[in-house]
Structures are given as C-alpha cells and as structure tokens.
K.L.:
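Let me give you the structure first, and then I'll get to my questions.
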Amino acid sequence: IIGTFDEITTNVPEKSLVSVKKSSGGRNNTGKMTVRYIGGGHKRMYRHVDFKRVKDGVAAMRADVKKNLEREVSYRLEQRTAAEVFSALDKVLTFPVPAAVVEEERRAMAQQYAQAMRSRGLEAPKDIPDSMFQEPAVKKARVGLFISEVVQREKLTATDEQITARAPSIAASYENPAEVVQYLTTDRQSRVNVAMQVQEENVTNWLLGQATTEEVPVEFDKVMKGEF
C-alpha cells in the first residue's frame, strides 16, 4: 500500500479510475427526442475516487484469490463430509421416536416450506397434508435425539475457546474481519450460531472416529461444481 502522494497529479487522471460519462443527446430510453437543442458536446469523463489506494500488484491479488479459493474448498469439503456422515447415520438408526417429537418436527418443516414459498412470491398452500413431511420428520427427529444424547454423553458442546477460534475463519471473507469477529463473539444470537457450527463439527469428527473411513482425492473443478 502506497503511503505517499507522489503519484497523484492534477492534470493526468489514473486510467483505471476513469470511465466515459455518456450523454443522452436529448433522447429517452426508447430513442425518441424529448429535449431539443442538446448536441453531443465535448467528450466528458467520470473520475472514480480510489479511497483505499491499494497498489499491491498482481502477486498480492493472486495470494488473495488463492486464500479465498482454499477457504471455499475447505468449506465445501466439510459440508459434504458432514452430509455423508449424517446420511449414513440415518441409515443405521432404527429406534422408535415419540409421536410428539415427530409431530413437532413435521410442523416445523411445514412452516419452513410455507415461508420458502412466500419468499419466492408464491402462495403457500393452506392445508399441507401430514404425509408430505412425515417420513423426513421421523428421520430428522431420530437423528436429532441421537445427536443430543451423544453431545451430552461425550461432552461435545462447543467451548468458548472453540467459538473464539472459529470466528476468524467465518469473518475472513469480510472487508473488516476484526469487526465481524467482535460481533460474532459478543452478539448473543450470532454466538449461538457459531456454537452450533462448532458442535456439528465436533459431532461429525466424533462419528468419523467411530467409523472406518477412506480418504479419496477429488479434482478441484468437481469440488467447485459440487460434483463429488
């Protein structure tokens, strides 16, 4: 980052911070003349203000792109691993689930479905059949009960140290990571969300430790496309 003003001039603008300022010539968006006696005039340019004045060059840009890609790949691999772990867990769990727990989960799924419909500008159905979410509700409730028991028995609840350690990785992609970290660790709801992420990772790692696993190399393009 340049800390002096030697490169600033009053007569020659920085080309990367200049763009053409177009004129309408008195015509509207359909090309119809609406205001007369407006000619082309002198060519005018619009100057952008580079407040940050970051001039680190190509090397710094490459390092930043690499860091962002590594973070994105790591996140996608973690999400895929967790999804496969919980999918495998669902297949081996067979214990009965209390009807009240299933009903509570089914209602929550129905509400989420209705909210998703309305957010897309669609009209949510007034009467959603119970059978629509019955099976996924049973599976989710069963996995949830199992995870709650494992978390309590194995003490997998997120610790303050883990929450503090996770916040910087979440905030890394923001313009001011320090402020985001402060918010994530002090705002009550944000801290709860981070804690849930950490707890899910703790459970995933614990389950992986109980199973036989195999590491499989994946091509970068397939990771980015979700084809793995």
K.L.:
If we ignore hydrogens and angles and just use 3.5 Å, is the side chain of Ser87 paired with the main-chain N or O of Ala83 as donor and acceptor?
P.N.:
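Side chain of Ser87 to backbone of Ala83: no pair is present.
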K.L.:
Please determine whether the number of non-hydrogen atoms from other residues, nucleotides or ligands lying under 6.0 Å from atom OH of Tyr113 exceeds 12.
P.N.:
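Open.
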K.L.:
Could you check whether atom CZ of Arg71 has more than 12 heavy atoms from other residues, nucleotides or ligands sitting under 6.0 Å from it?
P.N.:
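Atom CZ in Arg71 is packed in, count exceeds 12.
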K.L.:
Are any of the side-chain heavy atoms of Val85 and Val203 separated by less than 4.5 Å?
P.N.:
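No; the side chains remain at least 4.5 Å from each other.
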K.L.:
Ignoring hydrogens and geometry, is there a side-chain-to-backbone donor-acceptor pair from Glu149 to Leu145 under 3.5 Å?
P.N.:
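Between the backbone of Leu145 and the side chain of Glu149 there is no qualifying donor-acceptor contact (under 3.5 Å).
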K.L.:
Treat each ILVMFWY residue as a node, draw an edge where side-chain heavy atoms are under 4.5 Å apart, and state whether Val151 and Val194 are in one component.
P.N.:
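Not linked; separate clusters.
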K.L.:
Do you reckon Val143 sits in the same ILVMFWY cluster as Met196, going by side-chain contacts under 4.5 Å, direct or chained?
P.N.:
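Hydrophobic grouping puts Val143 apart from Met196.
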K.L.:
Looking only at non-hydrogen atoms, find the nearest pair between Gln199 and Ala158 and report the distance.
P.N.:
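Here Gln199 and Ala158 meet closest at N-CB, 4.2 Å.
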K.L.:
Evaluate the side-chain proximity of Phe146 to Leu207: yes if any heavy-atom separation is below 4.5 Å, no if none is.
P.N.:
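A side-chain contact under 4.5 Å exists here.
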K.L.:
Run Gln197 and Ile170 through side chain to side chain contact (heavy atoms under 4.5 Å, CB included) and show every step you take.
P.N.:
CA-CA 11 Å; Gln197 291 183 30; Ile170 299 175; 3.7 Å; yes
K.L.:
Answer with yes or no whether the side chains of Asn68 and Glu72 bring together a donor and an acceptor at under 3.5 Å.
P.N.:
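Side chains of Glu72 and Asn68: no pair found under 3.5 Å.
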K.L.:
Closest approach of Thr157 and Gln162, non-hydrogen atoms and distance?
P.N.:
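Looking at all heavy atoms of both residues, the closest pair is O-OE1, 4.0 Å.
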K.L.:
Distance from Met132 atom CE to Asp127 atom CG, nearest 0.5 Å?
P.N.:
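Reported value, rounded in 0.5 Å steps: 12.5 Å.
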K.L.:
At their closest point, which heavy atom of Arg191 faces which heavy atom of Thr185, and how far apart are they?
P.N.:
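Taking every non-hydrogen atom into account, NH1-O, 3.0 Å.
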K.L.:
Between Glu70 and Lys67, is the closest basic N to carboxylate O distance under 4.0 Å?
P.N.:
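So Lys67 does not pair with Glu70 through a salt bridge.
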K.L.:
Side chains of Tyr75 and Gln79: does their closest heavy-atom pair fall under 4.5 Å?
P.N.:
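When only atoms from C-beta onward are counted, Gln79 and Tyr75 do touch, with a gap below 4.5 Å.
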K.L.:
Near Arg120 CZ, under 6.0 Å, is it more than 12 heavy atoms from other residues, nucleotides or ligands?
P.N.:
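No, because the 6.0 Å sphere around CZ of Arg120 holds 12 heavy atoms or fewer from other groups.
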K.L.:
Taking atom CD of Gln111 and atom CZ of Arg106, what is their separation to the nearest 0.5 Å?
P.N.:
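Rounded to the nearest 0.5 Å, the CD-CZ separation comes out at 10.0 Å.
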K.L.:
Please answer whether the main-chain N or O of Ala116 pairs with a side-chain N or O of Ser119 as donor and acceptor at a distance below 3.5 Å.
P.N.:
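Checking the backbone N and O of Ala116 against the side chain of Ser119, a donor-acceptor pair under 3.5 Å is found.
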K.L.:
Distance from Ile147 atom CD1 to Glu200 atom CD, nearest 0.5 Å?
P.N.:
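If I round to the nearest 0.5 Å, the distance is 7.5 Å.
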K.L.:
Crowded around Met117 CE? As in, over 12 foreign heavy atoms under 6.0 Å?
P.N.:
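Yes - once you tally the heavy atoms of other residues, nucleotides and ligands closer than 6.0 Å, there are more than 12.
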K.L.:
Measure the shortest side-chain to side-chain distance between Ser74 and Glu78 over non-hydrogen atoms and say whether it is less than 4.5 angstrom.
P.N.:
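They are in contact (side-chain heavy atoms under 4.5 Å apart), so the answer is yes.
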K.L.:
Could you see if Leu69 belongs to whatever hydrophobic cluster contains Tyr174? Use Ile, Leu, Val, Met, Phe, Trp, Tyr and a side-chain cutoff under 4.5 Å.
P.N.:
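Hydrophobic grouping puts Leu69 apart from Tyr174.
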K.L.:
Shortest non-hydrogen contact from Tyr183 to Ser190?
P.N.:
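Smallest heavy-atom distance, with atoms named: CE2-OG, 3.0 Å.
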K.L.:
Quick one: closest heavy-atom pair of Arg142 and Thr94, and the distance?
P.N.:
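Scanning both residues completely, I find the closest heavy atoms to be NE-C, 3.9 Å.
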K.L.:
For atom CD of Gln210, is the number of surrounding heavy atoms from other residues, nucleotides or ligands below 6.0 Å larger than 12?
P.N.:
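Yes, CD of Gln210 has more than 12 neighbouring heavy atoms, counting only those of other groups under 6.0 Å.
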K.L.:
Ala167 and Leu184: which non-hydrogen atoms are nearest, and at how many Å?
P.N.:
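Between these two residues, the closest heavy atoms are O-CD1, 3.9 Å.
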K.L.:
Does some side-chain heavy atom of Met109 sit less than 4.5 Å from a side-chain heavy atom of Lys140?
P.N.:
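Of all side-chain heavy-atom pairs linking Met109 with Lys140, at least one is under 4.5 Å.
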K.L.:
Given Leu156, which of Asn202, Thr204, Val198 fulfils the side-chain contact (heavy atoms from CB on, under 4.5 Å) condition?
P.N.:
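In the set Asn202, Thr204, Val198, the residue that makes a side-chain contact (heavy atoms from CB on, under 4.5 Å) with Leu156 is Asn202.
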K.L.:
Taking atom CD of Glu154 and atom CH2 of Trp206, what is their separation to the nearest 0.5 Å?
P.N.:
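Nearest 0.5 Å value for the CD-CH2 distance: 5.0 Å.
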K.L.:
Is it the case that Gln182 and Asp187 place a side-chain donor and acceptor less than 3.5 Å from each other?
P.N.:
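No, because no side-chain N or O of Gln182 sits under 3.5 Å from a partner of the opposite role on Asp187.
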